[in-house]
Structure formats: C-alpha cells, structure tokens
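In what follows, a structure is listed as structure tokens, so that the remarks can point back to it.
Letters go in sequence order (proteins before strands), and every chain restarts at 1. If you're wondering where the values come from, they're calculated on a predicted model, not measured in any experiment.
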There are 2 protein chains.
Amino acid sequence: MKHTVKIAVDAMGGDYAPQAVIEGAALAVGELDCTVILVGDREVISPLLQKQSCPEERIIVKHASEVVRMDESPRKALNAKQDTSIRKIFELVKAGEADACMSAGNSGAAMLSGLHVLGTLPGVDRPCIGSILPTVSGRVVLLDAGANVDSKPHNLVQFAFMGHALARYTLGIDRPKIGLLSIGEEPGKGNEVVRSTYKILKKSDLNFHGNVEGGDIFADIVDVVVCDGFVGNVVLKTGEGVVQALGTRLKAEIKASLLGRFGYLFMRPALKRFKKRFDYAEYGGALLLGLDGIGVIAHGRSNPTAVKNAIRITYDYAKTRVAMRVKEEVESSAELRQSFGERVHQVIEHIKEKKLEMDLKDSVSADKGD
Amino acid sequence: MKHTVKIAVDAMGGDYAPQAVIEGAALAVGELDCTVILVGDREVISPLLQKQSCPEERIIVKHASEVVRMDESPRKALNAKQDTSIRKIFELVKAGEADACMSAGNSGAAMLSGLHVLGTLPGVDRPCIGSILPTVSGRVVLLDAGANVDSKPHNLVQFAFMGHALARYTLGIDRPKIGLLSIGEEPGKGNEVVRSTYKILKKSDLNFHGNVEGGDIFADIVDVVVCDGFVGNVVLKTGEGVVQALGTRLKAEIKASLLGRFGYLFMRPALKRFKKRFDYAEYGGALLLGLDGIGVIAHGRSNPTAVKNAIRITYDYAKTRVAMRVKEEVESSAELRQSFGERVHQVIEHIKEKKLEMDLKDSVSADKGD
C-alpha cells in the first residue's frame, strides 16, 4: 500500500510563527506528496488554516498548549513546560505517527527535545546539526553547524562519519571528500582539538582531504566540512551576514548612479537567480544528525517559502530513510571508534564488508508502510 | 626638524614577492611622505628596483640573505635561519632605524619575530592580530584575526582592551562598542571560554555591547569584535571566500544572458565601486597588536596595490604612535587585570584618571624626531 510521508511541523516555532509556518505548510502540501501535522495551539491555528487554499485532509492539526520562545533557555523551558509544540513533534515521530518532524523555533530546544524523546543512534555521543550550503557550483555539507560547543576530537570524528553518510545520500557522491576546518592546510595547523582530530581522520578510511580553511568552504574543494558547533555556527552566520551586507551595498551602489539604475533593469533576472541561489530561504533546513529519528530545524527568520523548503528537505530525508541506515551502521561500532587509532580502521572495514548499498524504495516502503 | 616616517618592508615575503612588494613600495613612496627600507636579497632586489620610476633616495635596500617560505614552520625556520628578511624588519624597528615594519610573508613567522625582537607591551600575555574590515556602511575591528589558538578568557579580555584602543585611534570613535563573538546574544550562549569572558567584560568599564553573532560582524552593530584567533581567522577567510564565491557566481549569472551582458555595460562603474569596497587588496594589512613596536602583516596573496595599501596602513600606525601609548597605559596594569573581576574595574579607573587625550602631532615628533 502506498505510504504518504507524514511530517510533524511545529506551528508555533519561528519569528513569524504561526502565520508563516501555516502558509509554508499549505505551499508544501501543494507541491509534495505528503501530509503535514501542524502542532500547536488549535485555537490559534485553525482559523488561520481555514484561510489557506489547500486540500483539508492534507493538513492535520494536533493540539499542544505551550510554546518555547526563541529567547528562552531550552533546558529551563522544557523542564517547566510539559506540553510544548517543539517536543510534541518529536513524540509523534517516536510514536510512528509521523515519519519526520520540522521546527523553525528555538534550535537548542529542538535538539534537546530530539535527544530526550528519540535518543541518539548507537555510537553517537553527541548529535550535531548538518547544514547543506550552496557553493560556487554545487553544495557542501557543513557540520556541526551549531549544536555542540567545546567538542572533543572523538565528537569531530563522529561528525565526519555522519557527514560522510549525509553527503553520500543527499549529494549523491560515492566517496565524499572530507575536510577538517582549520587555519592552514598543513597538518600541524589549528587548535589542539583540530590537530588531534586530524591525526585520527588521517588513519580512517574516510576520503579525508586534510585541513581546509574558511575560504575553501564555498570553493568546491571538499564535499563535507567538519568543525565544532561554535565555529560552524559562526561560519554559517558570517556567511549569511556577508551575503546580506554585499546585497545591501550592491543595491546602494546601483541606486547611486543613473547608469546603474538603467543597467539594473536589464540585469534584474540575473541578479534574481543569483539571490535565489544564496538566499537562506531557498536552502534553509538543517538535519539533526545522529538522532534516532528524523528532525529538521529551519532558520528562525523563516518566511513561508523558507518553511516550505524546510518541509521539502524534511520530506526528502524521510523518503531516503537509507541515510539513517548508514548512520546506524557507522554508529553501531562506537565502542571501537571511541578508542580511536587502529580501531577506527576496524570500524571502517566492518562497514565496508557490509556494503551498504540499499534500495531506496525498499527502505521507504518496508519500514513504515501503512 | 621634520621627521619622515621610515618603514621597513620585507621584500621577500608574500606569494608574489619580491616583484609585487617592490612595485607596491614604489607606489607607496609616490603617494606617502615616507621612506621605505626594502629588506631582502640585494642581488635580487636591486635590478628589479631600478626598473621602478620613483625617487631613489626614498627607497633604501638592506641586505638579508635568508627567507622564511610561506609553507615553513615559523619556529623551525627562525631557529635554523639567522639572517631572514622577516626578522630583520623588526630588528630595524628595535634599533630605531625604522618607525614601523610590514611583511606579506609567513604571518606566524612575522608574529614570532616580532615577539622575539620587540617583545610585548607590559601586561600583554599574547599579542594578537587586529584586522580592520569593511562593513555595510563603515568599518569594524576584528581581533584576534589569527595569531592565537586556544585563547583563555584573560587573553580575550586583553584583546578587548587592545581593540578598544585600536578602534579609538583608527576609527576615531570615542567609546567604541565592544562585541564578544558568540553563537547567540544571551549571556549564557557560547563555549566555556566565551561565557567566562562575557562575565569579565560585563564588569569592565569598556563600552561592552554583549555577545554578537557572525551575522552582526558586518552589520555596524559594534565597532570591535573580540574572538579567539582560530575563530577570527576562520571568520576572515570565510568572509573572503563568500565574497569570492558570490563574485564568481554573479559574473556567471550576468554572462549567462544577453540582457545581463547588456545591463552590465551600464552597471560596470557601480560594480567596480562595489568590488573595490570589499576587495582585500584595498584594506589588507593587519596590526600585530600588543608588540612593543609597530608591525603590520599583509595578505600573502598581496598584489602591488595591496602592498601599497598595507604600507599606507603601516604609515598611519607609525604616525599615530598614540595608539601605542594607550595600549601601554592599558597594559601597564596587567597584574591587576589578570585576577579579573573587581580588579578590572580598578584598572579602568586608573586609565580614566590619566585621561589619555594626547596630541597626535606631539607624539609623532617628540618620540622619534631626527
């Protein structure tokens, strides 16, 4: 029997929630073969939803009475509030009522809820955020994009393995090139954690390129960039900030001259394509990697388009459950990997033996068919 | 007697050295009231210099027989080689034969040479790299831009004080706003070192804005952004990388359509102004802050324009020796600052009492007049 993907969406999460989330959900069900379960205050959601023109049966509302605000401490909020929308979306995944979930709300609260409700895959000490970013001519996986600060070398090594899996199945690259973010290409460059991580990754059977610098992230040199979550978050936001600053400045320069304004008339389509490519609203939506289930977080400033795209990404992840499988394989031998060095080698041998080439369709229908 | 500023320049440092350095030096003496001392292999420099059209007496060559290559380990190279150009420029400053020095070579070797030869200002445990970057409508001081990894809270606090001084005298802001780079605005956000640093800076009398995120760096929210050198270097290079990636992509989009190409004809001046603003060649040149003397490092990929601009920056720093004075004041009470908390307060009080408003001209002529 055909399985329609079900996605639980935190209707109350994000700077423009619930309005932008509801509009985004309506857009998503118009484009994708999925059902969206909007989780949040029914009293607020229902009237807004009625104004949307989309098939009624494709958007279901589930009530949750409380909300974690963007500026709240995730731990405190989740301890104090029992019935939050951000926790409930993970509970729906745990219960099998949804295949995956998505929130544009407090990302720390999303990660914490995911951890509490779904738990981690075997062998993962700390889940991380895997972002897929546009580059000059392709895409790159950046992880950790902000879940963990003060990561240890074994955390970064686990991120590398998860990044390998994510790049394989989202970018379709057989042996993704893994780069370790540092401040120089040479093995000795970087801080203590990075220098130790380099030595371990060098011994692994990952396709380890070595260190990469900030300037290499968007230059299609590697497929995966591994870093601590503090650094990854700064990279992500610096990148966004630069794009925004350049955009503002470019507009000002163009408007400052008559010729510029005239030329703009002709260049508008090119500039629009350009903007589309680097607009977070187009690619926003990062996977909570290493959870025992699929959760996606979207940018807090998500507008309806960004919400729709984040739901699309969640949908894709739900379809390719195989990504989870690979991770399960990688993670299943964590005890080994934790003691590093030669043992990393054994794990990879183990993984290679199992030859993880699975059929996408099989895995989608077999696992969750209804 | 009128004092002409003398700048020692490492002729052998940088990817395009010595050619680009010599051309840049010739451009610089054409624009600035300074003498450049080119340090390096006389046999190589002299014939190249003769091809430049600039007043002979304004560029002096000093011989140094050895070079630290860009890819060499700074420590090993400086131990093995006794007569390197990158060390000699600092020796000229130490001896009073130059007012300041500049290198586009191995930045680690420059910092190490500066440390060995000039030493640090009283109270500075670790010097740092202070970069001045273009923002949407102004400039921002970023530090540390790459000298120190694994900085401790007291290092970051010292960077903040040095950044305060640098912003005062280069950006001309009376009480520069200081931001601490983190991954969220709230005080509790960030890694361990950042969270501790926040608490100390909060107690200081600096104009401390609080945490800033990567996206805020270029948005004119603060005048100084304080971070560890690993993070600062990644930020700097990510920023450059994004600018480059966007440029490449923008060109491709424009060329892809006839209309785009037509429009470009009119927009070229606007795009050129835009490029100029964000081109590292225009602003390249970062101060080695906290050394007991003035040293500037330029981008390794510096072309003649970038070299010229780095020399201009060095010149400005040499003229405004007052920046050094402020730092000396700030740094002079380091023992106090090292034990943090309330004592930070005392130091600032001490500084305020001394009222550091000095006359620029006085300080330039009095200190080094010849």
Side-chain angles (χ1 to χ4, degrees), chain A residues 71 73 108 135-137 146 149-150 181-186 188 190-194 213-219 227-231 233-246 248-250 253-254 256-257 259-260 262-271 273-274 277-278, chain B residues 71 73 108 135-137 146 149-150 181-186 188 190-194 213-219 227-231 233-246 248-250 253-254 256-257 259-260 262-271 273-274 277-278:
Chain A
D71 59 347
S73 154
T135 61
V136 170
S137 57
V149 298
D150 296 318
L181 189 59
S182 190
I183 60 171
E185 287 173 18
E186 303 78 12
N191 55 25
E192 230 181 285
V193 168
V194 166
E213 298 188 83
D216 303 331
I217 299 172
F218 304 97
C227 60
D228 168 60
F230 183 92
V231 177
N233 185 281
V234 168
V235 161
L236 208 66
K237 290 185 177 160
T238 298
E240 261 178 46
V242 171
V243 171
Q244 216 152 37
L246 292 180
T248 308
R249 196 69 207 178
L250 185 58
E253 291 291 358
I254 290 170
S257 80
L259 273 184
F262 184 64
Y264 176 70
L265 291 177
F266 299 99
M267 275 177 64
R268 200 157 43 182
L271 291 175
R273 280 198 306 277
F274 173 73
R277 180 163 179 82
F278 291 100
Chain B
D71 60 347
S73 153
T135 61
V136 169
S137 58
V149 298
D150 295 319
L181 189 58
S182 190
I183 59 171
E185 287 173 19
E186 303 79 10
N191 56 26
E192 230 182 285
V193 168
V194 165
E213 298 188 83
D216 303 330
I217 299 172
F218 304 98
C227 60
D228 168 60
F230 184 92
V231 177
N233 184 280
V234 168
V235 161
L236 208 66
K237 290 185 176 161
T238 298
E240 263 179 43
V242 171
V243 172
Q244 217 152 37
L246 292 180
T248 307
R249 196 69 207 177
L250 186 58
E253 292 292 358
I254 291 171
S257 79
L259 272 182
F262 184 62
Y264 177 69
L265 291 177
F266 300 98
M267 276 178 62
R268 200 157 43 183
L271 291 175
R273 281 197 306 276
F274 173 73
R277 179 161 179 86
F278 291 100

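For A/D71, the parts sitting under 4.5 Å from any heavy atom of chain B are the backbone and the side chain alike. For A/V234, the parts lying under 4.5 angstrom from a heavy atom of chain B are both the backbone and the side chain. Residue B/I183 touches chain A through both its backbone and its side chain, counting heavy-atom pairs closer than 4.5 Å. Residue A/S73: no heavy atom, backbone or side chain, is found under 4.5 Å from chain B. For chain A, the nearby part of B/V231 is the side chain; its heavy atoms alone come within less than 4.5 Å.
Separation of atoms CG (B/D216) and NZ (A/K237) is listed at 8.5 Å; rounding is to 0.5 Å.
Listed options A/G229, A/S182, A/G146, A/C227 were ranked by heavy-atom pairs under 4.5 angstrom with chain B; first place goes to A/S182. Listed options A/G190, A/G214, A/G184, A/G108 were ranked by heavy-atom pairs under 4.5 angstrom with chain B; first place goes to A/G214.
When all heavy atoms are compared, the tightest approach of B/V242 to A/G239 is CG2-CA, 4.0 Å.
Judged as a side-chain contact (heavy atoms from CB on, under 4.5 Å), and not counting sequence neighbours, the contacts of B/N191 are A/V149, A/D150, A/F230, B/V193, B/V194. With sequence neighbours excluded, the residues that form a salt bridge (charged side-chain N to carboxylate O under 4.0 Å, His left out) with B/E186 are B/K189.
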